[in-house]
Amino acid sequence: MSNTTDAQPVFDVDVTSHGEFPGAADYARTKIGELGRLAHRPVLYARVKLARHHDPAVLNPVVAQGNLDVSGRVVRAQVHGASAREAIDRLEAALQRQLEHLAEHWELPKKGARAPRRPWAEEHRPGHPIRSADEAEVIRRKTFAMAPCTADEAADEMDLLDYDFHLFTEKATGAVGVMYRAGSTGYRLAMVAPDLAEGLGEFHRPVTVSDAAPPCLREQDAVERLALLALPFLFYIDAAQGRASVLYRRIDGNYGVITPAVDSA
């Protein structure tokens, strides 16, 4: 881990919003920009997105998303609040924890600048749905190359990006899998071929491995299953393409699909 202690300067923050949030943009620029004083490496880019749920049943309707590019490593958080100011305050606290985590794990193997390779990052983590199951549809599909990594590295990246799941290629087996959270401290790994579990590379995180194979489904069938079971995401084999896929619910209540590039699957 780097011992860099010099405080970094306050950085500019690109703020976008979906809805009316008077004064929130300036507040976000000030609160999030000042995190530069805590970052142990320069923050090259920062973005905050604000949105509001229109479902009156949602207790904390304002969603704040933050993405920081810390010298090529992405730090991300998403929070909810009763107001824009509350959500921004919570986002500041969450990003501060992520920056501290990144500083502690900076020397882990780096897989390149993640921001350009993961253009779907801002929508990866599911939020509260604001559309009915009948109205929701798949509106975004992303395919990306996945550098092989261990289960520990996958869990670490999931933590850094504040995701609930992370699709990756396991280094020792070459098999596609999805890491997700199980309980308050543990992780669970589902693989396209569970029988390869014995060949997994060494890991030290509290990861359990599912012995269930992902279902082979058409995309529409996957959508129906996710809605029926009220799941945040669904790991499955796309029947049309024969590739591992993850269907997830976006912050706007619609769906997104993530698949590895052909040479990663």
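- No continuous path of ILVMFWY side-chain contacts below 4.5 Å connects Y45 to V74, so the two sit in separate hydrophobic clusters.
- Closest non-hydrogen pair, A51 versus F21, comes out as C-CZ, 3.8 Å.
- Taking 4.5 Å as the limit, some side-chain heavy atom of R181 sits within range of a side-chain heavy atom of Y187.
- Annotation: side chain of T208 is not in contact with side chain of L189 (no heavy-atom distance under 4.5 Å).
- In this structure, CG in L95 is found 11.5 Å from CD1 in I88, a value given to the nearest 0.5 Å.
- Within the 4.5 Å cutoff, side-chain heavy atoms of L99 are placed close to those of L35.
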>> Under the criterion side chain to side chain contact (heavy atoms under 4.5 Å, CB included), I'd like the reasoning laid out for E219 against V257: C-alpha separation, chi angles, the key distance, then a yes or no.
In response: CA-CA 9 Å; E219 184 177 280; V257 175; 3.9 Å; yes
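- For E198, the CD atom counts as loosely surrounded, since its 6.0 Å shell holds 12 or fewer non-hydrogen atoms of other residues, nucleotides or ligands.
- Side-chain atoms of K171 and C149, non-hydrogen and from C-beta on, never get closer than 4.5 Å to each other.
- For an aromatic pair to be called close, the ring centres must be under 6.0 Å apart, and Y180 with F235 fails this.
- When atom types are taken as modelled, the side chain of R243 and the backbone of P260 share a donor-acceptor pair closer than 3.5 angstrom.
- V176 is not listed as a side-chain neighbour of M191, based on a closest heavy-atom distance of 4.5 Å or more.
- The minimum heavy-atom distance linking A28 with V15 is given by the pair CB-CG2, 4.1 Å.
- Clustering ILVMFWY residues whenever any of their side-chain heavy atoms sit less than 4.5 angstrom apart, transitively, puts L231 in the very cluster that holds L247.
- In this structure, R85 forms a cation-pi arrangement with Y27, its terminal cationic atom sitting closer than 6.0 Å to the ring centre and no more than 45° off the ring axis.
- In summary, the side chains of Y236 and D221 do not present any donor paired with an acceptor at a separation below 3.5 Å, with no hydrogens or angles considered.
- Across every non-hydrogen atom of R37 and V10, the tightest pair is NH2-CG2, 3.4 Å.
- Under the 4.5 Å side-chain heavy-atom criterion for Ile, Leu, Val, Met, Phe, Trp and Tyr, L228 and L234 are members of distinct hydrophobic clusters.
- In this structure, NZ in K49 is found 10.5 Å from CG in D14, a value given to the nearest 0.5 Å.
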> Would V138 and V223 satisfy side chain to side chain contact (heavy atoms under 4.5 Å, CB included), going step by step from the backbone distance to the final call?
Replying inline: CA-CA 8 Å; V138 177; V223 169; 3.8 Å; yes
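- A salt bridge links D156 with R205: at least one charged nitrogen is closer than 4.0 Å to a carboxylate oxygen.
- Once rounded to the nearest 0.5 Å, the distance linking CD of E86 with CG of L91 reads 12.5 Å.
- Looking at heavy atoms from C-beta onward, R188 lies out of side-chain contact with V207 at the 4.5 angstrom threshold.
- Residues A46 and L68 come closest through the heavy atom pair CB-CD2, 3.5 Å.
- Rounding to the nearest 0.5 angstrom, the gap separating the CE atom in M179 from the CZ atom in F168 is 4.5 Å.
- Contact detail for A175 and L196: the closest heavy-atom pair is CB-CD1, 3.8 Å.
- Side-chain atoms of E170 and T173 include a donor-acceptor pair closer than 3.5 Å.
- Minimum heavy-atom separation, A84 to A24: CB-CB, 3.9 Å.
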> Does the pair V70 and L102 meet the rule for a side chain to side chain contact (heavy atoms under 4.5 Å, CB included), with working shown?
Replying inline: CA-CA 9 Å; V70 184; L102 178 61; 3.8 Å; yes
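- Under the 4.0 Å criterion applied to side-chain N and carboxylate O atoms, R29 and D12 are not assigned as salt-bridge partners.
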>> For T259 and T143: C-alpha separation, side-chain torsions, deciding distance, then whether side chain to side chain donor-acceptor pair (under 3.5 Å) applies.
In response: CA-CA 5 Å; T259 57; T143 299; 2.9 Å; yes
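- For the side chain to side chain contact (heavy atoms under 4.5 Å, CB included) test, residues two or more places apart in sequence or in another chain that qualify with I139 are E137, R250, D252, N254.
- Looking only at side-chain heavy atoms (C-beta outward), I258 and F144 come within less than 4.5 Å of each other.
- The CD atom of E157 sits 12.0 Å away from the CZ atom of R76 when rounded to the nearest 0.5 Å.
- One finds the CZ atom of R97 at 11.0 Å from the CD atom of E92 (value rounded to the nearest 0.5 Å).
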>> Assess the residue pair Q96 and L38 against the criterion (side chain to side chain contact (heavy atoms under 4.5 Å, CB included)); give the C-alpha distance rounded to whole Å, side-chain angles, the decisive distance to 0.1 Å, and a yes or no.
In response: CA-CA 8 Å; Q96 179 176 336; L38 303 176; 3.6 Å; yes
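- At a threshold of 4.5 Å between non-hydrogen side-chain atoms, the residues D69 and V43 do not count as touching.
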